[in-house]
Amino acid sequence: MSQVEENTSLNFIEQIVEEDLANGKNDGVVYTRFPPEPNGFLHLGHAKSICLNFGLAQKYGGKTNLRFDDTNPVTEDTSYVDAIKEDVRWLGFEWEGETRYASDYFDKLYSLAVELIKRGKAFVDDTPVDEIRRMRGIPTQAGEESAFRDRSVEENLQLFEQMKAGDFSEGSRVLRAKIDMASPNMHLRDPIMYRILHRSHHRTGDAWHIYPTYDWAHGQSDAIENITHSICTLEFEVHRPLYDWFVEQIGEFDQEMVNPQPRQIEFARLNVNYTVMSKRKLLELVNEDYVNGWDDPRMPTIQGLRRRGYTPASLRNFAERVGVAKRDNVIDLSLLEFCIREDLNKTAPRVMGVLNPVKLVITNYPERQTEDLTIENNPEDAEGGTRTVPFSRELYIERDDFMEDPPKKFFRLGPGREVRLKGAYIIQCESFEKDTRGEITTIYATYDPATKSGEDTSGKKVKGTIHWVSVPHAVKAEVRLYNRLFSDPTPTDHTDENGEPIDYKKFINDKSLVVLDKVFVEPSMRKVSAFDRFQFMRKGYFCVDPDSSEENLVFNQTVTLRDSWAKAKKNN
RNA sequence: UGUCCGGUGGUGUAAUGGUAACACAGAGGUUUUUGGUGCCUUUAUUCAGGGUUCGAGUCCUUGCCGGACAACCA
């Protein structure tokens, strides 16, 4: 371990934590939580939150809970619970103790609500939904108080118990906190604590007919779990006064419960260009078949990224690099790509795969001869070892690596030109054949036996080295190339001439998936497992898709290599 | 016309009253049996006005711009 220089710059949350530590707050304990609702799959935005919460606790010797915020039985399901747990673990984090659920606290929450009623801080409201909404007013104008606001404690208690027992129909009554209908903060205008829902919950079954709302459940769950720093995204900023109000009310009769006192801290959610990052929109893409499921490699979901070939380390690194602040941000997709290239460059074995093959015949190489060449697996990894790659008279090379009439700066094959075949010999192009459509069918070349890789005595120098696969040894594979899901950097940010928002789906990139079904890879690839990652030399990083089998290999392109030649061509 | 939160290169993030820095992206070079990697160089920044101060990206103030808030969602 090298003594890396101390990183003294802290993000604003770390500053808060260090300040708390310096002041001896919470007895020096840092306790965070990651609180997803089990109603969908985790995405890159959640990854940032996970890294933030777990990372903060790790840094300051604290703990992190995984808590499912399962207060709405209508949308939630256990299948999501399992997927989320798997994703968190895959990212490399282990939570403290058992998995927690807001539903674990339904009894406690209920008795706390009863206490609030007794103290005149909550009341049962019979006002219909629409009416409640209307009476809440608008941000610039105070609301009106409910006609049921001053019910007696006894009546409230009785009604609330009946709500719990399932005596009333859905929507007929709610429990509301009694705060201030004139508050400029809408969330303080007698917010709803419980609603009636005759729905089966994925964990509590039919035990409950009332379910707590987010505002009532979240802060209390934090308090129950002794969370010290409750980190969430910016849209909850306006909820904080309510969060604090509930904690304060409970402190009136249960000091123990709100000690340590949880503190909500908000940060700006992650946005990445050329994609969307909301559960609702991602769900739409899945349901309307724009992609093939939640784990489609084009999706910014953890499962999609994983199937695409992203590593946990690359995602953690990405989360680190995007930083944490309170201002709206749109991260360049190129940063994500940088993070995965950085990781895979060090770790992914190199292999040769020809994506768009054309046949090359070495005319002076003996007809039935085969040579086993030894090629290093990874020049970036001294421990990477070597492998054997068979060489023969007929090879596949990349169609792009030959030009009939190449410009001077083209360092590959063309009539009379020389290149090195990676790990093998230097060849010179003699001739080529075309079919009636003008497509090149075969390239003929001669090799120089004195130029064998590692024992070259020729003194020859060439500008280019190209990859290849021996025709008789080639293994056929399918390769799926992916491009950005949207052709526009901010698909959700557009409006038409009338100022109406334009559907983000209008910007879907119809070339986001290109399937290559005639790819040839070297024979060492015959035995691979799902999610194995490789660098196809000069072509990019690839990951074995779970669809892959021994008979039908399938690779997903994670990301291309940086390609300064492609760039130079484009700029011409 | 309300309340709250923001505004630093193309994109992010730092600088905590004292030299505006780091990363990505871009440009150029170098090394290279991957046009990859590595290494070197380079372009480019404090929303605007006023104030406080020896000194302001930072504090105060006004304005402008952006975002959040009006589910019995989270």
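Chain letters run A, B, ... following the sequence lines, proteins first, then strands; residues in each count from 1. Worth saying up front: this structure is predicted, and the values here are computed from it rather than measured. Hydrogens, waters and symmetry mates are skipped; everything else that's a heavy atom, side chains included, is used.
Residues forming a side-chain contact (heavy atoms from CB on, under 4.5 Å) with Arg399(A) (at least two apart in sequence, or on another chain): Asn356(A), Val358(A), Glu439(A), Ile440(A). Take Phe534(A) and apply the ring pair (Phe, Tyr, Trp, His ring centres under 6.0 Å) test, not counting sequence neighbours, and it matches no residue. Residues forming a ring pair (Phe, Tyr, Trp, His ring centres under 6.0 Å) with Phe41(A) (at least two apart in sequence, or on another chain): Tyr80(A), Trp294(A). Residues passing the side-chain contact (heavy atoms from CB on, under 4.5 Å) test with Lys346(A) are Glu380(A), sequence neighbours excluded. The side-chain contact (heavy atoms from CB on, under 4.5 Å) search around Val129(A) returns Arg133(A), not counting sequence neighbours. Residues satisfying the side-chain hydrogen bond (donor to acceptor under 3.5 Å, both in side chains) test with Gln428(A), not counting sequence neighbours, are none. Annotation: side-chain hydrogen bond (donor to acceptor under 3.5 Å, both in side chains) contacts of Arg199(A) (sequence neighbours excluded): none. Partners of Ala319(A) by side-chain contact (heavy atoms from CB on, under 4.5 Å), not counting sequence neighbours, listed by chain and number: Cys51(A).
Contact annotation: Lys567(A) side-chain N/O to G26(B) OP1/OP2 distance is under 4.0 Å. Proximity of Thr71(A) to the phosphate of A74(B): a side-chain N or O atom is located under 4.0 Å from OP1 or OP2.
Of all nucleotides listed (A14(B), G6(B), U11(B)), A14(B) comes nearest to the side chain of Asn11(A). Proximity note for Ser9(A) (side chain, C-beta onward) versus C24(B), A14(B), U33(B): the nearest is A14(B). Relative to the side chain of Asn329(A), the nucleotides U37(B), G10(B), G12(B) differ in distance, and G12(B) lies closest.
Separating the CZ atom of Phe411(A) from the C1' atom of G35(B) is a distance of 8 Å, rounded to the nearest angstrom. One interatomic measurement links the two molecules: CD of Gln264(A) to P of A74(B), which rounds to 14 Å at whole-angstrom precision. Nucleotide G12(B) holds its P atom 17 Å from the CD atom of Glu337(A), rounded to whole Å. Summarising the geometry, the separation between CG on Asp328(A) and P on U11(B) is reported as 13 Å, rounded to the nearest angstrom. Rounded to an integer number of Å, the gap from CG of Leu421(A) to P of U34(B) is 13 Å. The separation between Ile466(A) atom CD1 and U32(B) atom P is 20 Å, rounded to whole Å. Between Leu355(A) atom CG and U34(B) atom P there is a gap of 19 Å when expressed in whole angstrom units. For the pair Leu561(A) CG and G38(B) P, the interatomic distance rounds to 11 Å; values are reported in whole Å.
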Pick out the pairs of N or O atoms, protein on one side and nucleotides 68-72 of chain B on the other, that lie under 3.5 Å.
unit_1	atom_1	unit_2	atom_2	d
C69(B)	O2'	His187(A)	NE2	3.2
A71(B)	OP2	Arg133(A)	NE	3.4
C72(B)	OP1	Arg136(A)	NH2	3.4
C72(B)	OP2	Arg136(A)	NH1	3.3
C72(B)	OP2	Arg136(A)	NH2	2.8
C72(B)	N4	Val129(A)	N	3.3
C72(B)	N4	Gly171(A)	O	2.8

Can you name the atoms? Protein N/O to nucleotides 56-59 of chain B N/O, anything below 3.5 Å, with the distance.
none

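Non-hydrogen atoms lying under 4.0 Å from RNA chain B are contributed by Phe338(A), Asn345(A), Arg350(A), all within residues 338-352 of chain A.
With a cut-off of 3.5 Å on both pairing distances, the Watson-Crick and G-U wobble pairs of RNA chain B assemble into stems of 3 or more at B:2-7 with B:64-69, B:10-13 with B:21-24, B:26-30 with B:38-42, B:47-51 with B:59-63.
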> Is there a salt bridge (Lys or Arg N to Asp or Glu O under 4.0 Å) between Glu76(A) and Arg203(A) once you walk through the steps?
Replying inline: CA-CA 10 Å; Glu76(A) 297 156 4; Arg203(A) 293 189 73 246; over 6 Å; no

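Put simply, Trp565(A) rests on the base of G35(B): the two rings are less than 5.5 Å apart at their centres and nearly parallel, under 30°.
Nearest-nucleotide positions on RNA chain B for Arg240(A) and Gln141(A) put Gln141(A) closer to the 5' end. With the nearest nucleotide of RNA chain B identified for both Ala268(A) and Arg420(A), Ala268(A) has the one nearer the 5' end.
For the pairing with Phe318(A), the side chain to side chain contact (heavy atoms under 4.5 Å, CB included) check across Leu270(A), Ile340(A), Asp343(A), Leu305(A) returns one residue only, Leu270(A).
By the neighbour-count criterion of 12 heavy atoms within 6.0 Å, atom CD of Glu161(A) is sparsely surrounded, having that number or fewer from other residues, nucleotides or ligands.
With Arg195(A) contributing its side chain and Pro212(A) its backbone, the two residues share a donor-acceptor pair below 3.5 Å.
One cannot find a donor-acceptor pair under 3.5 Å joining the base of U34(B) and the side-chain atoms of Arg538(A).
Under the 90° criterion around 0 for the glycosidic angle, A70(B) counts as anti.
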